[in-house]
Amino acid sequence: MFYRSHVNGILRLKDVGQKVTLIGWVQRKRNLGSLMFIDLRDRSGIVQLMIKDPTKVPDIKNEFLIQIQGIVSKKAVANPSLSTGEIEVEVTTLKVLNESDALPLIVDDVTDAGEDIRLQYRYLDLRRRPMQEILMTRSKIVQAFHSFFAKHDFTNVETPLLTLSTPGGARDFLVPSRLTPGSFYALPQSPQIYKQLLMIGGFERYYQIARCFRDEDLRADRQPDFTQIDVETSFLSQDEFLSLMEEAIRDVFKSVKGISLPQPFPRLSYETAMALYGTDKPDLRFDLPLSNVPNIIKVAYEKAGFESAHIKGLKLANASNMLSRKVLDEWVTFVKPFGIKGLVTFKHDQGQLQSSFLKFVPPASVEELTRLLNLKPGDVYVVASHTDMHVLNTAMGILRTRGAKLLNLVDEKKVAITWVTDFPLFDTNEEGQLVAAHHPFTRPQDDQLSLLKTQPKKVLAQAYDLVINGYEAGGGSMRIYDKVIQKQIFALLGMSEETIQKKFGWFIQAFNYGTPPHGGIAFGLDRLTMILAGTDNIKDVIA
RNA sequence: GGACCAGUGGUGUAGCGGUUAACAUGUCUCCCUGUCACGGAGAAGAUCGCGGGUUCGAUUCCCGUCUGGUCCGCCA
């Protein structure tokens, strides 16, 4: 059967007079009595059909699949919102190929349905242009990565999905084994160990579009089943590797959306990121840094009997109109779960500093405080404190984001990209035991090896995250390839020789056979797609 | 594991002690020759998520429960 001569979206003025056969879904019909228009949609776009005598064609409803023959003709008045808007197709014959029931959602650029209905009828949701564009964007991203890796001599290798559980990290998804009842395969949280084995196996440059599984709760930007662009190389220093990966990301943004990213990407140390933005994945589309408070405030906190171990401030310029009592109450409620007892606010209003907290500040110091805070009329300074620096940072970091949204400081068109580097090698858990901040195979920075024995908490790692618009879009590290250092790390992590052998023995053994220096990264394909498609919901970028 | 929010015609919302349960959109019927979110007239369509309680009376208040969402924990 002959289905069509053209796709709908490519017809233009130059085609006027052509006889065409088209196929598509009825997006909308406008029946004017003895004249009817139909918007006919296929993947390529929409073209308007014109039917001179609607009584001569079968009954048509939305989302019917129809095939028509007709003549392309010029429209008297063009529709500029349509790429085919200068022409229409005058229908000579019309055939219904398949009917549709009444629809549970509007199939159009903007739909009326909520998320659960869209997911229940995903096939209808996917007919909508924004959804098609998102998945095409995702496909283009993957293609851009493939061509970058091909150009740079990477080998695409597939690693197992039914694997041995490796300790640490997220909860594993488990698959029962048929041949060994009572035993289970784990689905990989990432191909981490496999890609390191590939380096030991001499591949030098590996990548994979890798499906990963983590049995943890969802978030708006987190799905238990997700895709990583997984990369590992040998014989590259961290700087060499990062600049190669920058090139990949620049290629992707350029070829997918025509966006030029800076060269090189800015870098921010973990320490600076935490101090200025309270998070290791700051949204840098706006600045709005956190600040240390003047000592006068610290003294006043002590006087007021407030927690004063760690205090931070956030200056919101021109915010007094937006920061109503109600919004501030919301903020107070919001920081409560973090253990922050209240927010102290200072406003500059009617020529002077105003705050209910000023009663704890000696009158003689008010003027100095006013000068130190340097608030202009309308500015607001929000202060909070906590015993734990990290908790305070987290809460203030989130308030920073809220403040930026409230004050409309976020430029949605901007792409703010940065490497966050110099992560600590270790965290400390509740029992005071050192735990790997990234994973136990992360290489310490070369000049800090001696600190491992004396002050391990201070040791920085050759680890890095790629942060785009406040999303962790990728993360990785250089790996340890020296088995003496590896043993030292395991010991610091409190693992006995026996535990090491039991948990990683088969992997560690590979390090006895000429392991090359190596390291890698994994980019989150879903998050990259979210950023490039401009959505904040991960479900939008997954079919 | 915890907190919060939401479940009302097909869809999206309003109503929050007594309503003929409202509006928009969709659906159906009729009219319409230049629409492009076509327009006009009319109609149908809802045991207000489920169970219990309070009350003379519950969609509305309370308790429980289920479902969905957001966040905290968690995500080396």
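Computed over heavy atoms, backbone and side chain alike; hydrogens, waters and symmetry mates excluded. All chains are named by letter (A, B, ...) in the order of the sequence lines, taking the proteins before the strands, and each is independently numbered beginning at 1.
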Check every strand shown and say whether A/Met50 touches a base, only sugar-phosphate, or nothing at a heavy-atom separation below 4.0 Å. base
Mark yes or no for whether A/Ser477, through its side chain, and A/Arg479, through its backbone, hold a donor-acceptor pair below 3.5 Å. no
Which nucleotide in the set B/C36, B/U11, B/G69 lies at the smallest distance from any side-chain heavy atom of A/Glu115? B/G69
Length of the CD1-P vector between A/Ile46 and B/A37, whole Å: 11 Å
A/Ser34 has a side chain; which of B/C74, B/U33, B/U35 sits nearest to it? B/U33
Is a salt bridge present between A/Asp465 and A/Lys281, judged by a nitrogen-to-oxygen distance below 4.0 Å? no
Starting the side chain at C-beta, find the nucleotide from B/A37, B/C74, B/G34 nearest to A/Glu216. B/C74
Rounding to the closest angstrom, what is the interatomic distance between B/G57 and B/C74 at atom P? 50 Å
Can you check whether A/Phe504 and A/Phe490 have ring centres sitting under 6.0 Å from each other? yes
Once you apply the 3.5 Å cut-off to both distances, tell me the Watson-Crick or G-U wobble partner of B/G64, or none. B/C50
Answer yes or no: is there an ion pair linking A/Asp217 with A/Arg222, defined by an N-O contact shorter than 4.0 Å? no
Nearest-Å distance, CG (A/Asp108) to P (B/G12)? 16 Å
If you check every side-chain atom of A/Arg222, which of B/G34, B/C75, B/A37 has the closest atom? B/C75
Scanning both residues in full, the closest heavy-atom pair of A/Gly397 with A/Leu290 reads N-CD1, 4.3 Å
Counter-base of B/G45, judged by Watson-Crick or G-U geometry with both distances under 3.5 Å: none
Applying a 4.0 Å non-hydrogen cut-off, can you work out what A/Lys61 is touching in the nucleic acid: base, sugar-phosphate, or nothing? sugar-phosphate
Taking any heavy-atom pair under 4.0 Å as a contact, classify A/Gly85: base, sugar-phosphate, or nothing. nothing
Between the side-chain atoms of A/Asn62 and the base atoms of B/G26, is any donor-acceptor pair under 3.5 Å? no
Between B/G12, B/C36, B/U33, which nucleotide gets closest to the side-chain atoms of A/Asn79? B/C36
Choosing from B/U33, B/C75, B/C36, which nucleotide comes nearest the side chain of A/Gln48? B/C36
Rounding to the closest angstrom, what is the interatomic distance between B/A44 and B/G10 at atom C1'? 13 Å
Does B/C23 have a Watson-Crick or wobble partner in any strand here, with both distances under 3.5 angstrom, and which is it? B/G12
For A/Arg127, is there an ion pair with A/Asp108 - N to carboxylate O distance below 4.0 angstrom? no
note: A/Lys75, atom NZ; B/U33, atom C1'; distance rounded to Å ~ 15 Å
If you find the nucleotide of RNA chain B closest to A/Ala76 and the one closest to A/Gly114, which residue's nucleotide is nearer the 5' end? A/Gly114
Please state the C1' separation for the pair B/G1 and B/C56 - nearest whole angstrom. 44 Å
For A/Arg28, answer base if it contacts any base atom (sugar-phosphate contacts may also be present), sugar-phosphate if it contacts only those atoms, and nothing otherwise; contact means non-hydrogen atoms under 4.0 Å. sugar-phosphate
For A/Asn31, which contact category applies under a 4.0 Å heavy-atom criterion: base, sugar-phosphate, or nothing? base
What nucleic acid atoms does A/Ile106 come within less than 4.0 Å of, heavy atoms only: base, sugar-phosphate, or nothing? sugar-phosphate
Looking across every strand, which nucleic acid part, if any, lies under 4.0 Å from A/Lys539 by heavy atom: base, sugar-phosphate, or nothing? sugar-phosphate
Say we look at B/U65 and B/A24: how far apart would their C1' atoms be, to the nearest angstrom? 33 Å
Identify which nucleotide among B/C71, B/C36, B/G12 has an atom closest to any side-chain atom of A/Ala220, counting heavy atoms from C-beta outward. B/C71
With distance as the sole criterion, do the side chain of A/Arg219 and the base of B/G69 form a donor-acceptor contact below 3.5 Å? no
Could you check A/Asp427 against A/Ser81 and say which one's nearest nucleotide on RNA chain B is further toward the 5' end? A/Ser81
Does a distance-only test, which skips hydrogens and angles, find a donor-acceptor pair under 3.5 Å between the side chain of A/Gln120 and the base of B/G68? no
Given that both distances must come in under 3.5 Å, which nucleotide forms a Watson-Crick or G-U wobble pair with B/G18? B/C56
For A/Val110, which contact category applies under a 4.0 Å heavy-atom criterion: base, sugar-phosphate, or nothing? nothing
Without decimals, in angstroms, what is the distance between A/Ile398 CD1 and B/C4 P? 18 Å
So, A/Arg41 and A/Glu63, do they make that salt bridge, N to O below 4.0 Å? yes
For B/C30, which nucleotide in any strand shown is its Watson-Crick or wobble partner with both distances under 3.5 Å? B/G40
State which of B/G10, B/U70, B/U35 makes the closest approach to the side chain of A/Pro104. B/G10
Atom CD1 of A/Ile87 and atom P of B/C36 are separated, to the nearest Å, by 18 Å
Whole-angstrom distance between B/G17 and B/C61, as gauged at atom C1': 8 Å
I want to verify a distance call: between B/C36, B/U27, B/C38, whose nearest atom is closest to the A/Leu32 side chain? B/C38
Can you tell me the distance, in whole Å, between the CZ atom of A/Arg30 and the C1' atom of B/C32? 15 Å
Scan A/Ala113 against the nucleic acid and name what it touches under 4.0 Å (heavy atoms): base, sugar-phosphate only, or nothing. sugar-phosphate
Say whether, by atom type as modelled, one donor and one acceptor occur between the side chain of A/Asn8 and the main chain of A/Ile23 under 3.5 angstrom. yes
Looking only at side chains, do A/Gln462 and A/Asp446 share a donor and an acceptor under 3.5 Å apart? yes
Whole-Å P distance, B/A58 and B/G18: 11 Å
Which of the following nucleotides, B/U11, B/G34, B/C75, is nearest to the side chain of A/Ile117? B/U11
Using atom NZ of A/Lys29 as one end and atom P of B/C36 as the other, report the distance to the nearest whole Å. 16 Å
Separation of B/C75 C1' from A/Gln228 CD (nearest whole Å): 12 Å
Considering only the P atoms, how many Å lie between B/U59 and B/G49, rounded to the nearest integer? 9 Å
Using the C1' atom as the reference point in each nucleotide, state the distance between B/A21 and B/G15 in Å, no decimals. 8 Å
